[in-house]
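Structure, as structure tokens:
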There are 2 protein chains.
Amino acid sequence: MQSPEADQSHSRATLTLAVSRAGFRITDARRAIIDLILTRDGAFDSSDLIADARRRKLVVGRATIFRMLDVLADLGAIERIDLPNGAHSYVRCLGSRHHHHLVCTNCQRSSDVEDGGIADLVVAMAQSAGYVLEHHRLELFGICPSCQGRSRDK
Amino acid sequence: MQSPEADQSHSRATLTLAVSRAGFRITDARRAIIDLILTRDGAFDSSDLIADARRRKLVVGRATIFRMLDVLADLGAIERIDLPNGAHSYVRCLGSRHHHHLVCTNCQRSSDVEDGGIADLVVAMAQSAGYVLEHHRLELFGICPSCQGRSRDK
DNA sequence: CGTCAATTGAGACACAGTCTCGACAAGCGG
DNA sequence: CCGCTTGTCGAGACTGTGTCTCAATTGACG
């Protein structure tokens with residue numbers, strides 16, 4: 001859209017460029033993993049990707065997937081979240097601004113939500129306890145619009 | 001919940017009573033684990049407890065510790081949180097009301113903080129995305145007052 | 001095209017957490 | 001106080017996630 005780097009929209013090209021800009025080589029494995037992630041909808045975990053890769057008969061080691069997940073998390077292209085049951089998963093981040101994730105507990109689909117003033121509130125909360133806030137994590141879990149309709153009979 | 005002595009302060013007796021009230025037997029292992037947790041200050045994880053138990057030469061199986069952690073989490077006496085690095089840990093909860101935890105990234109000590117209006121904000125955020133919120137998790141990480149003083153020379 | 005370091009896949013490894021199972025003991029009724 | 005019942009126990013096998021090592025490969029750049 002605007003300036004090239006402000007646009008975080010997730011096309012294979014943009015992501016690949018970001019990886020390359022960050023000083024990483026573009027390899028077959030990395031391209032493949034980016035593809036895998038782009039075709040995922042919602043929260044996924046490492047085993048989802050590993051299964052996807054196997055299904056497509058891609059030869060990608062488990063370790064490579066974990067490594068790539070780290071790289072992308074560092075670049076802010078994905079974020080690691082923790083499901084209510086304690087398992088870890090990842091979600092794609094669409095924008096680079098500070099935001100949070102809303103994950104459907106039924107279908108795992110996720111939406112980004114604006115911080116909406118939480119950040120300030122949270123800093124104030126920490127301050128009143130005498131802490132200097134470094135980092136906060138907010139994760140929302142609920143039922144997404146499309147699962148709401150479907151779950152009446154459940 | 002019911003009587004005033006359902007006071008949240010964590011004495012061994014109160015906790016033990018809560019466990020018993022919930023229909024669980026009071027065993028040596030459970031008493032020992034409650035003790036271990038009460039002498040912990042701040043966030044701890046299962047391996048901390050296992051190490052503590054070994055140090056005190058208590059004979060408590062790993063599985064028992066995990067089981068007890070689950071029980072206490074169900075009772076709301078402790079809460080499971082996720083550290084920024086992805087590891088899991090637990091913190092004691094002082095009150096039963098909805099609250100969040102503020103964990104010191106340096107010493108792991110933790111404080112409970114009031115929700116302070118976050119809950120409403122969060123429901124609104126979810127609503128505007130069309131989700132019905134079920135659950136949210138907010139974790140704050142920062143430097144606690146006593147570590148702030150000490151970290152000047154670090 | 002050649003060099004060289006980054007990256008790879010495979011598999012060993014570390015570790016958290018779960019499960020199973022026979023032994024044991026808490027709590028209760030007698 | 002004494003047995004019974006059944007929840008709970010500890011040990012260790014097991015599972016699954018994530019990390020590490022290492023020799024072989026390959027991307028990027030000249």
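Per chain, numbering begins at 1; letters A, B, ... match sequence-line order.
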Calculate the interatomic distance between [X] atom [atom1] and [N] atom [atom2]; express it in whole Å.
| X | N | atom1 | atom2 | value |
| --- | --- | --- | --- | --- |
| B/Asp28 | C/dA23 | CG | P | 20 Å |
| B/Asn85 | C/dC15 | CG | P | 15 Å |
| A/Arg31 | C/dA6 | CZ | P | 19 Å |
| A/Asp45 | D/dG18 | CG | P | 7 Å |
| B/Arg21 | C/dA26 | CZ | P | 21 Å |
| B/Ile26 | C/dC28 | CD1 | C1' | 15 Å |
| A/Phe24 | D/dT26 | CZ | C1' | 17 Å |
| A/Met68 | C/dA6 | CE | C1' | 14 Å |

Phosphate-side-chain proximity, [X] and [N], N/O vs OP1/OP2 below 4.0 Å:
| X | N | result |
| --- | --- | --- |
| B/Ser47 | C/dA16 | yes |
| B/Thr27 | C/dA25 | no |
| B/His88 | C/dA16 | no |

Under 4.0 Å between any heavy atoms, over every strand shown, what does [X] touch: base, sugar-phosphate, or nothing? Just pick one.
| X | answer |
| --- | --- |
| B/Thr64 | base |
| B/Arg30 | sugar-phosphate |
| B/Arg67 | base |

What nucleotide, of [options], holds the atom closest to the side chain of [X]?
| X | options | result |
| --- | --- | --- |
| B/Arg25 | C/dC19, D/dT17, D/dT6 | D/dT6 |
| A/Ala29 | D/dT17, C/dT7, C/dG9 | C/dG9 |
| B/Phe66 | C/dT18, C/dG27, D/dT8 | C/dT18 |
| A/Val60 | C/dG9, D/dT17, D/dG18 | C/dG9 |

- B/Arg137/B/Asp82 under salt bridge (charged side-chain N to carboxylate O under 4.0 Å, His left out): CA gap, chis, key distance, verdict: CA-CA 10 Å; B/Arg137 146 185 303 183; B/Asp82 296 280; 2.6 Å; yes

- Item | Pairing of B/Glu79 and B/Arg92 as salt bridge, 4.0 angstrom limit | no

- Message: Less than 4.0 angstrom from a charged side-chain N to a carboxylate O is my criterion; do B/Asp70 and B/Arg67 meet it?
- Response: no

- Kindly say whether the aromatic ring centers of A/His100 and A/His136 come within a distance under 6.0 Å. yes

- Message: Can you see whether B/Asp45 engages B/His88 through a side-chain donor-acceptor pair at a distance of less than 3.5 angstrom?
- Response: no

- Any N/O donor-acceptor pair, A/Arg62 side-chain to D/dG18 base, under 3.5 Å: yes

